[in-house]
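Structure, as structure tokens:
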Amino acid sequence: MGGAIAGGIFTNPDFPRENLVVTAMTKKSLDRISAACPGISVSMDNVSAVEGADLVIIAVKPWQTADVINEIKPALDYGTCTVASVVAGIGFAELAEMARKGGELPSLIRIIPNTAIALKQSTTFIASCRVSKQVSDDVMELFGLMGEVICVPEEMMAAGTSLASCGIAYALKYLDAAIKGGERIGFGTEEARKIVLNTMKGAIALLDTNGTMPQTEIDKVTTPGGYTFKGLTAMEENWFSEAVLQGLLKSM
Ligand SMILES: NC(=O)c1ccc[n+]([C@@H]2O[C@H](COP(=O)([O-])OP(=O)(O)OC[C@H]3O[C@@H](n4cnc5c(N)ncnc54)[C@H](OP(=O)(O)O)[C@@H]3O)[C@@H](O)[C@H]2O)c1
């Protein structure tokens, strides 16, 4: 995720690349970043990387977050530096406690993209805490380069994570089931993959072009008693919509 964000920022011609530093634990990861973003500054030294930074984006696993914040916080000037986190499931209260320096707390931003950020097609949720409008606008603009940005109050971050970040896996799960189903009814894997992807692209094009909700387009192809009707009825008898809802609720 951190590499994808760096890649997205790097390809923006307006962003001063010399101001961007990426860190990781291993040289292997940094080599990968350097290959994707030639000339970018990379380092395994978190402390020197954050010195003088006005935005630090933490993109480590949840259980690594406290250690990284503890390591870098003496080098952060909370008067000028905003700490952003893409870590799912760690809220502002917990981040603030990790970052606290005596009575001093930083401005905090939570960012939840999805993996389509690598193709600049993320749906990214952003929430802010004690952040100036200027910084908030700058961060939105930055992540707007990598897809669609939705600003929400913190209490909506879990729902956003479920619907868009985990949601990309749920959308892929439907595609996976359709491809496997296609194999069962007689197509080869590659053939089924192509058919299902094209069908999905067609469905999205209909919604985009017509500005409709899915049910409107479903109604257009569903004749009572017809084949689509029978198929949809069988899906609902097997709890299709309920299964999707339960997945969303479970991942909040
Ligand atoms: N993946 C998603 O779809 C997604 C979506 C939304 C939010 N998130 C959040 O994004 C965060 C990262 O997820 P991910 O999937 O990108 O994990 P990941 O692939 O494991 O990446 C974590 C990165 O952190 C680096 N790292 C670990 N400890 C470090 C340290 N002490 N100093 C510097 N770098 C360190 C690792 O470096 P090495 O590679 O060298 O080990 C690795 O590159 C998670 O908290 C997750 O909740 C992920």
Side-chain angles (χ1 to χ4, degrees), residues 1-10 20-37 40-51 53 55-76 81 83-95 97-99 108-128 139-140 142-152 154 156-173 175-176 247-248 250-252:
M1 189 50 74
I5 293 169
I9 296 172
F10 183 79
L20 182 64
V21 184
V22 179
T23 71
M25 283 285 270
T26 60
K27 188 174 172 304
K28 190 175 161 205
S29 290
L30 294 178
D31 286 347
R32 210 169 47 230
I33 302 268
S34 296
C37 310
I40 201 171
S41 291
V42 294
S43 169
M44 283 195 274
D45 182 349
N46 290 332
V47 174
S48 60
V50 301
E51 267 161 17
L55 179 67
V56 172
I57 302 176
I58 313 275
V60 297
K61 295 289 188 194
W63 55 91
Q64 298 167 324
T65 307
D67 283 350
V68 170
I69 291 179
N70 259 325
E71 180 191 0
I72 61 173
K73 68 182 179 184
L76 301 179
C81 180
V83 176
S85 159
V86 304
V87 180
I90 299 189
F92 284 135
E94 216 178 327
L95 286 172
E97 277 319 303
M98 290 174 187
L108 292 170
I109 297 187
R110 288 185 61 199
I111 301 163
I112 294 291
N114 66 28
T115 47
I117 197 165
L119 303 175
K120 301 192 179 68
Q121 292 186 46
S122 176
T123 300
T124 302
F125 283 84
I126 295 187
S128 308
V139 170
M140 273 186 68
L142 205 56
F143 279 84
L145 299 167
M146 295 168 252
E148 183 167 337
V149 172
I150 303 169
C151 277
V152 292
E154 177 170 46
M156 285 304 292
M157 287 301 269
T161 304
S162 174
L163 193 58
S165 186
C166 308
I168 204 158
Y170 305 155
L172 292 165
K173 186 74 185 164
L175 296 174
D176 182 58
L248 291 172
K250 201 74 180 178
S251 53
M252 285 178 65

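Atoms considered below: every heavy atom in the structure, side chains included; atoms not considered: hydrogens, waters and symmetry mates. Ligands are counted one by one from 1 in listed order, and the atoms in each one are counted from 1 as well.
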* Check whether any protein heavy atom sits under 4.0 Å from atom 42 (C) of ligand 1. => no

Residue, atom name and distance, where the atom is the protein heavy atom closest to [atom]:
| atom | answer |
| --- | --- |
| atom 37 (O) of ligand 1 | M25 N, 3.2 Å |
| atom 47 (O) of ligand 1 | A88 N, 3.0 Å |
| atom 3 (O) of ligand 1 | T115 CG2, 3.4 Å |
| atom 18 (P) of ligand 1 | K61 CE, 3.9 Å |
| atom 34 (N) of ligand 1 | A24 CA, 3.4 Å |

* To do: Report, as yes or no, whether the 6.0 Å neighbourhood of atom CD on E51 holds more than 12 heavy atoms from other residues, nucleotides or ligands.
  => yes

* Asked: Just distances here: any N/O of S29 and N/O of ligand 1 closer than 3.5 Å?
  -> yes

Could you tell me the separation between the [atom1] atom of [X] and the [atom2] atom of [Y], rounded to the nearest 0.5 Å?
| X | Y | atom1 | atom2 | value |
| --- | --- | --- | --- | --- |
| I57 | T23 | CD1 | OG1 | 11.0 Å |
| T124 | N114 | OG1 | CG | 6.5 Å |
| D67 | M98 | CG | CE | 9.0 Å |
| T123 | I112 | OG1 | CD1 | 13.0 Å |

Closest candidate by heavy atom, reference [atom], pool [options]:
| atom | options | answer |
| --- | --- | --- |
| atom 21 (O) of ligand 1 | G2, A59, S122 | A59 |
| atom 44 (C) of ligand 1 | V60, V86, V22 | V60 |
| atom 32 (N) of ligand 1 | I168, T26, I57, N46 | N46 |

* Closest approach of E94 to I90 (non-hydrogen atoms, all atoms of both residues) -> CB-CG2, 3.8 Å

* **For ligand 1, the portion of S165 having any non-hydrogen atom under 4.0 Å away** => side chain

* To do: Indicate, as side chain, backbone, both or neither, the part of M1 found under 4.0 angstrom from ligand 1 when only non-hydrogen atoms are considered.
  => both

* To do: Show which atoms of ligand 1 fall inside a sub-4.0 Å distance from at least one heavy-atom site of V68.
  => 30 (C), 31 (N)

* Asked: Of all the atoms in ligand 1, which lie at a distance below 4.0 Å from a heavy atom belonging to Q64?
  -> 27 (C), 28 (N)

* **side-chain contact (heavy atoms from CB on, under 4.5 Å) evaluation trace for Y170 with L163** => CA-CA 9 Å; Y170 305 155; L163 193 58; over 6 Å; no

